[in-house]
Protein chains: 2
Amino acid sequence: MGRPYEFDRNETLTKAMDVFWEKGYKATSIDDLVDRMGIQRGSIYNTFGDKHELFLSAVEHYGDVVTSRTLKVLEADGSAVENIKKFLDVIVNTPPDRRSKGCLISNTVVELAPHDEEVANVVKAIMKKIQSAFQKCLERAVEAGELPETTNTRVLSNFLATSTHGLIVTGKSTPDKKQLKDVVDVILSTL
Amino acid sequence: MGRPYEFDRNETLTKAMDVFWEKGYKATSIDDLVDRMGIQRGSIYNTFGDKHELFLSAVEHYGDVVTSRTLKVLEADGSAVENIKKFLDVIVNTPPDRRSKGCLISNTVVELAPHDEEVANVVKAIMKKIQSAFQKCLERAVEAGELPETTNTRVLSNFLATSTHGLIVTGKSTPDKKQLKDVVDVILSTL
DNA sequence: TTTATTGTTGACTGAATGTTCAATATTGTG
DNA sequence: CACAATATTGAACATTCAGTCAACAATAAA
């Protein structure tokens with residue numbers, strides 16, 4: 001009982017996530033969050049705790065929503081190698097202004113992970129999830145005969161995860177789609 | 001004439017650079033800089049301008065000192081391909097606690113480049129410098145017969161630069177040297 | 001020695017930041 | 001209707017922040 005919430009928790013958390021994604025942790029003020037989340041300071045603290053706690057929830061939310069949705073490409077039916085190509089193409093084909101936001105996970109690894117163990121753990125779990133998704137995809141490719149039996153899927157999945165981060169960082173600073181496309185071709189040549 | 005400086009400008013700028021490198025731009029306070037640079041606030045403003053201007057100088061200094069020194073490996077005599085391997089090994093073999101600092105350039109691309117054109121330009125110039133160093137190295141490898149004449153050195157150098165950023169981001173969050181070593185092996189397999 | 005010039009110092013300022021809280025509003029329950 | 005429980009609001013608070021400045025110190029030139 002008691003007074004019910006006047007907003008949807010998930011929707012509001014998504015809005016907070018978007019702000020952190022755009023501006024980073026330190027550069028985001030509570031005022032920014034009030035503006036974008038559409039609820040007052042007190043409600044934020046009452047519902048999500050302090051800024052740090054809200055950020056942790058936002059990163060977890062990103063893992064649950066954005067990362068999961070993105071990784072679905074890798075699980076699609078048909079050629080697993082083709083799925084990996086499609087996954088990388090998503091990054092390349094994201095318009096420059098949205099690409100400049102990068103990825104909340106890599107942004108957070110760079111800004112906070114070295115100084116914030118709690119954040120680091122959440123982020124590591126999501127990175128592990130990405131690597132695992134690549135590995136499963138590669139294993140499927142081996143089973144289907146798309147890749148040789150000798151393929152070391154663990155090593156190759158780490159390479160793909162690292163390459164993804166590299167693409168995202170490079171993509172943040174260059175609007176040149178062709179340059180990214182060329183890099184993707186080299187990445188795919190290792191398969 | 002007038003009173004002479006009591007500190008060495010380069011030394012002091014290096015100390016500022018180290019703080020920004022460790023903590024990032026937003027998370028670094030003027031007090032942090034006063035503590036580490038060993039001069040008072042007034043002297044910082046008198047010598048380097050405001051925080052933003054000091055940061056720009058620090059990033060340029062990084063390009064002049066750290067990046068240049070690191071890229072020297074690529075210019076060494078002998079096998080150019082071997083030089084690239086050595087370059088990547090430097091990242092892998094950096095101890096985890098220092099690796100967590102990452103690279104001031106990639107840190108800055110992620111934290112500031114999308115919102116700060118002035119910073120973005122400085123950083124882009126340094127990234128271009130890295131790519132050019134790779135390309136020169138690759139061209140030398142082609143000339144020496146280490147790589148086939150058909151090698152597209154521009155594309156491959158972009159791939160190596162992107163891979164370097166990826167390694168640095170991954171290296172920030174994992175202390176596992178073997179994982180990075182494996183990734184480097186895949187990167188080198190493209191040559 | 002005097003003067004002009006410029007570096008040094010640290011207290012001070014105003015603005016921004018994260019957080020709290022008392023007053024109020026809205027629901028379910030007795 | 002009265003009460004308990006909980007959400008909402010925004011003013012208020014303490015802290016931190018970047019930046020300023022008047023007083024002082026150290027040098028070279030006259």
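Within every chain, numbering begins at 1; the chains are lettered A, B, ... in the order of the sequence lines, protein sequences first and strands thereafter. Computed from a prediction, not measured in an experiment: that's the story for all the values here.
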Kindly state each residue pair satisfying salt bridge (Lys or Arg N to Asp or Glu O under 4.0 Å) with at least one member in residues 169-186 of chain B, sequence neighbours excluded.
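Passing the test, one end in residues 169-186 of chain B: A/Arg154-B/Asp182, B/Asp89-B/Lys181, B/Lys178-B/Asp182, B/Lys181-B/Asp185.
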Bounds of contact between DNA chain C and chain B, in 5' to 3' order, using a heavy-atom cut-off under 4.0 Å
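Contact boundaries, 5' end first: C/dA4 to C/dA11.
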Taking the side chain as every heavy atom from C-beta outward, state whether B/Phe159 and B/Ile187 have any atom pair closer than 4.5 Å.
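Heavy-atom side-chain distance check passes, below 4.5 Å.
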Do A/Ile105 and A/Val66 come within less than 4.5 Å of each other through their side chains, counting heavy atoms only?
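They are not in side-chain contact.
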Using the closest heavy atom to pick a nucleotide of DNA chain C for each, name whichever of B/Thr47 or A/Ile30 lands nearer the 5' end.
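With B/Thr47 and A/Ile30 compared, the 5'-side residue is B/Thr47.
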Of B/Lys51 and B/Pro4, whose nearest nucleotide on DNA chain D comes first from the 5' end?
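Looking at DNA chain D, the more 5' nearest nucleotide goes with B/Lys51.
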I'd like to know if the side chain of A/Ser100 pairs up with that of A/Asp97 as donor and acceptor (distance under 3.5 Å, no hydrogens or angles considered).
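No donor-acceptor contact under 3.5 Å links the two side chains.
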Hey, does the Lys NZ or Arg CZ of A/Lys51 hover above the aromatic six-ring of A/Phe20, less than 6.0 Å from the centre and inside 45° of the axis?
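Cation-pi check for A/Lys51 and A/Phe20: fails.
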A/Lys136, NZ atom: more than 12 neighbouring heavy atoms under 6.0 Å:
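No, NZ of A/Lys136 has 12 or fewer neighbouring heavy atoms, counting only those of other groups under 6.0 Å.
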With sequence neighbours excluded, residues passing salt bridge (charged side-chain N to carboxylate O under 4.0 Å, His left out) with A/Arg9
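A/Arg9 satisfies salt bridge (charged side-chain N to carboxylate O under 4.0 Å, His left out) with no other residue.
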Could you list the residues that satisfy salt bridge (charged side-chain N to carboxylate O under 4.0 Å, His left out) with B/Lys15, not counting sequence neighbours?
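For B/Lys15, no residue satisfies salt bridge (charged side-chain N to carboxylate O under 4.0 Å, His left out) once neighbours in sequence are set aside.
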Could you tell me whether A/Arg36 and A/Asp18 have a side-chain N and a carboxylate O separated by less than 4.0 Å?
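No, this pair does not count.
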At what angle, to 10 degrees, do the two end axes of the helix from C/dT1-D/dA30 to C/dG30-D/dC1 meet, given five pairs define each axis?
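Axis angle across the helix from C/dT1-D/dA30 to C/dG30-D/dC1, nearest 10°: 10°.
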Enumerate the protein-to-nucleotides 9-13 of chain D contacts in which both atoms are nitrogen or oxygen and the separation is below 3.5 Å.
unit_1 : atom_1 : unit_2  : atom_2 : d
D/dG10 : OP2    : A/Gln40 : OE1    : 3.4
D/dG10 : OP2    : A/Gln40 : NE2    : 3.3

What is the nucleic acid contact for A/Tyr45, judged by heavy atoms within less than 4.0 Å: base, sugar-phosphate only, or nothing?
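Base contact - A/Tyr45 has a heavy atom under 4.0 Å of at least one base atom.
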Heavy-atom closest contact (A/Ser106 atom, A/Ile168 atom, distance):
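Heavy atoms of A/Ser106 and A/Ile168 come nearest at OG-CG2, 3.6 Å.
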